[in-house]
Amino acid sequence: MTAITSSAPGKLFLLGEYAVLHGAPALLAAVDRRVTVTVVPAGSWRLHAQSIGIQHLDLDDEGQLPAALNAQTRSTLRLFDTVRAAVRARVGGGPFEISIDSAELSRDGHKLGLGSSAAVASALTAALARASRLHLDRAALFTLAQSAHRAAQDGTGSGGDVAASVYGGLLSYAVGATPVPLQWPTDLTMLAVVTGEGSVTTDLVGRVNDFGAAHPLQHAQDVARLTRLAHTAQSALADRAEFLRLIDDYFTALARLDSHAEAGIVTARHRELRVVAQRAGGVFKTSGAGGGDVGLAFSASGLAAERLAAALTDAGASVVPLVLGAEGTRS
């Protein structure tokens, strides 16, 4: 058998963060930066993941991480191990030499918040399954990749990021439902902006969950506000002005949740860029869990988008060139 190569796109959470964990639909888009995984039949199991500093790591006879591996490296490779275990539980296979390249989803050594772990889970699941002669359609690939991804994150996360990586395009996603493909409006532009040096999704979500346990009534009120807004996203896409208002309202609601939870979803830099975007005629919000990952700026297309990009650049922000609606996992 020759080498098997699979790739999966990164994603952006456009709207519905935190509310999606409580059953609301989220709006996500796959982007044109991809994780690539190559699997080659070999005499023994070996892993290469230069993007995260792993070179020529010899695995045991079952492909498991070596017992002597230090705790930090073991934590870094936990997702790899859960995906490997999930596929081998279904079909066996191996030994393989596996290469994982996630460099496109980082910059200067920092993750951009484009769902690199979900993209790795999707591409690695697809590559290992195909190399092991396990046929997976999109739905089965999502189920297997999501179960492994969720296990690696101690049961947190909605699965929306994995859905975006597997299915691609622009999606409305709700937990337990088949993603609904949508079309991006031609008169609307979105810019992704670097707002920090990355954040840990599980930490931010954990703080919000802790707030919910300590203050269930206030948490429920904050989530209900987000949920009401999230349910209007799909219809709002048909009207640019309505969608821009929704983006602004959702950011306000997220900031309110964050002020109560003290989670770090909204940073001072986010607030600065919101003002910059407003002065340029656009709107700004956090993306995904928030924190130091990318932020999103929206405006009408054409000259309005050019003005927004110039204003953000003048404010010292770095706009990441991205194209929405990328193809999902391919193998």
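Atom CD1 in Ile54 sits 10.5 Å away from atom CZ in Phe80 (nearest 0.5 Å). Note: Glu97 CD to Leu47 CG = 9.5 Å, rounded to the nearest 0.5 Å. Taken to the nearest 0.5 Å, the CG atom of Leu14 stands 6.0 Å off from the CG atom of Leu296. For the atom pair Gln64 CD and Leu77 CG, the distance stands at 13.5 Å (nearest 0.5 Å). Between the CG atom of Leu308 and the OG1 atom of Thr313 there is a distance of 9.0 Å, given to the nearest 0.5 Å. Remark: Thr227 OG1 to His22 NE2 distance equals 7.0 Å, nearest 0.5 Å.
Annotation: side chain of Thr329 is in contact with side chain of Arg138 (closest heavy-atom distance under 4.5 Å). For the pair Phe251 and His270, the minimum side-chain heavy-atom distance is below 4.5 Å. Annotation: side chain of Leu27 is in contact with side chain of Leu182 (closest heavy-atom distance under 4.5 Å). Side-chain contact check for Thr189 versus Leu191: some heavy-atom pair is nearer than 4.5 Å. In this structure the side chain of Thr76 reaches within 4.5 angstrom of the side chain of Ile52, judged on heavy atoms. Looking only at side-chain heavy atoms (C-beta outward), Tyr18 and Leu204 come within less than 4.5 Å of each other. Residues Phe96 and Val40 form no side-chain contact, since every pair of their non-hydrogen atoms from C-beta on lies 4.5 Å or further apart.
Residue Arg74 qualifies as enclosed at atom CZ: its count of foreign heavy atoms under 6.0 Å is above 12.
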side-chain contact (heavy atoms from CB on, under 4.5 Å) assessment of Leu171 paired with Val180: CA-CA 5 Å; Leu171 299 174; Val180 178; over 6 Å; no
Evaluate side-chain contact (heavy atoms from CB on, under 4.5 Å) for Ile100 paired with Gln50, printing each intermediate quantity in order. CA-CA 8 Å; Ile100 303 173; Gln50 189 170 352; over 6 Å; no
Yes or no on side-chain contact (heavy atoms from CB on, under 4.5 Å) for Leu28 and Tyr167, after CA distance, side-chain angles and deciding distance? CA-CA 11 Å; Leu28 299 104; Tyr167 289 95; over 6 Å; no
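Side-chain polar atoms of Ser99 and Thr38 form no donor-acceptor pair below 3.5 angstrom. No hydrogens or angles considered: a donor-acceptor pair under 3.5 Å links the side chains of Ser117 and His149. Using modelled atom types and a 3.5 Å distance limit, the side chains of Asp249 and Thr252 yield no donor-acceptor pair. At a cut-off of 3.5 Å, with distance as the only test, a side-chain donor of Ser318 or Arg107 sits close to an acceptor on the other residue. Neither side chain, Ser301 nor Asp187, offers a donor N or O lying under 3.5 Å from an acceptor on the other.
Listed by first and then second residue, the salt bridge (charged side-chain N to carboxylate O under 4.0 Å, His left out) pairs involving residues 4-24 are Glu17-Lys285 (not counting sequence neighbours). Identified under the salt bridge (charged side-chain N to carboxylate O under 4.0 Å, His left out) test for residues 26-45, with sequence neighbours left out: none.
Partners of Asp154 under the side-chain hydrogen bond (donor to acceptor under 3.5 Å, both in side chains) rule, at least two apart in sequence or in another chain, are Arg78. Taking Arg228 as the reference, nothing meets the side-chain hydrogen bond (donor to acceptor under 3.5 Å, both in side chains) condition, with sequence neighbours excluded. Shown here are the salt bridge (Lys or Arg N to Asp or Glu O under 4.0 Å) partners of Asp314, two or more places apart in sequence or in another chain: there are none. Every residue two or more places apart in sequence or in another chain was checked for a salt bridge (Lys or Arg N to Asp or Glu O under 4.0 Å) with Arg256, and none qualifies. A search for ring-ring contact (aromatic ring centres under 6.0 Å, His included) contacts involving His135 returns nothing, not counting sequence neighbours. Scored by the side-chain hydrogen bond (donor to acceptor under 3.5 Å, both in side chains) test, Gln153 finds no partners at all (sequence neighbours excluded). Glu62 pairs by the salt bridge (Lys or Arg N to Asp or Glu O under 4.0 Å) definition with Arg88, not counting sequence neighbours.
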Please table the atom pairs, donor to acceptor, closer than 3.5 Å between any side-chain atom in residues 207-223 and protein atoms at least two apart or in another chain.
| unit_1 | atom_1 | unit_2 | atom_2 | d |
| --- | --- | --- | --- | --- |
| Arg207 | NH1 | Ala263 | O | 2.7 |
| Asn209 | ND2 | Val205 | O | 3.4 |
| Gln218 | NE2 | Asp222 | OD1 | 3.1 |
| Gln218 | NE2 | His260 | ND1 | 3.4 |
| Asp222 | OD1 | Arg225 | NH1 | 3.3 |
| Asp222 | OD1 | His260 | ND1 | 3.4 |
| Asp222 | OD2 | His260 | ND1 | 2.7 |

Show me the donor-acceptor pairs within less than 3.5 Å that the side chains of residues 230-237 make with the rest of the protein, sequence neighbours left out.
| unit_1 | atom_1 | unit_2 | atom_2 | d |
| --- | --- | --- | --- | --- |
| Thr232 | OG1 | Leu229 | O | 2.7 |
| Ser235 | OG | Thr232 | O | 3.0 |

In residues 120-127, what donor-acceptor pairs under 3.5 Å come from side-chain atoms, sequence neighbours left out?
| unit_1 | atom_1 | unit_2 | atom_2 | d |
| --- | --- | --- | --- | --- |
| Ser122 | OG | Ala118 | O | 2.9 |
| Thr125 | OG1 | Ala121 | O | 2.6 |

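The pair Glu272-Arg269 meets the salt-bridge criterion, with a side-chain N (NZ, NE, NH1 or NH2) lying under 4.0 Å from an Asp/Glu carboxylate O.
Classified by interplanar angle (parallel below 30°, tilted 30° to 60°, perpendicular above 60°), the ring pair Phe298/Trp184 is tilted.
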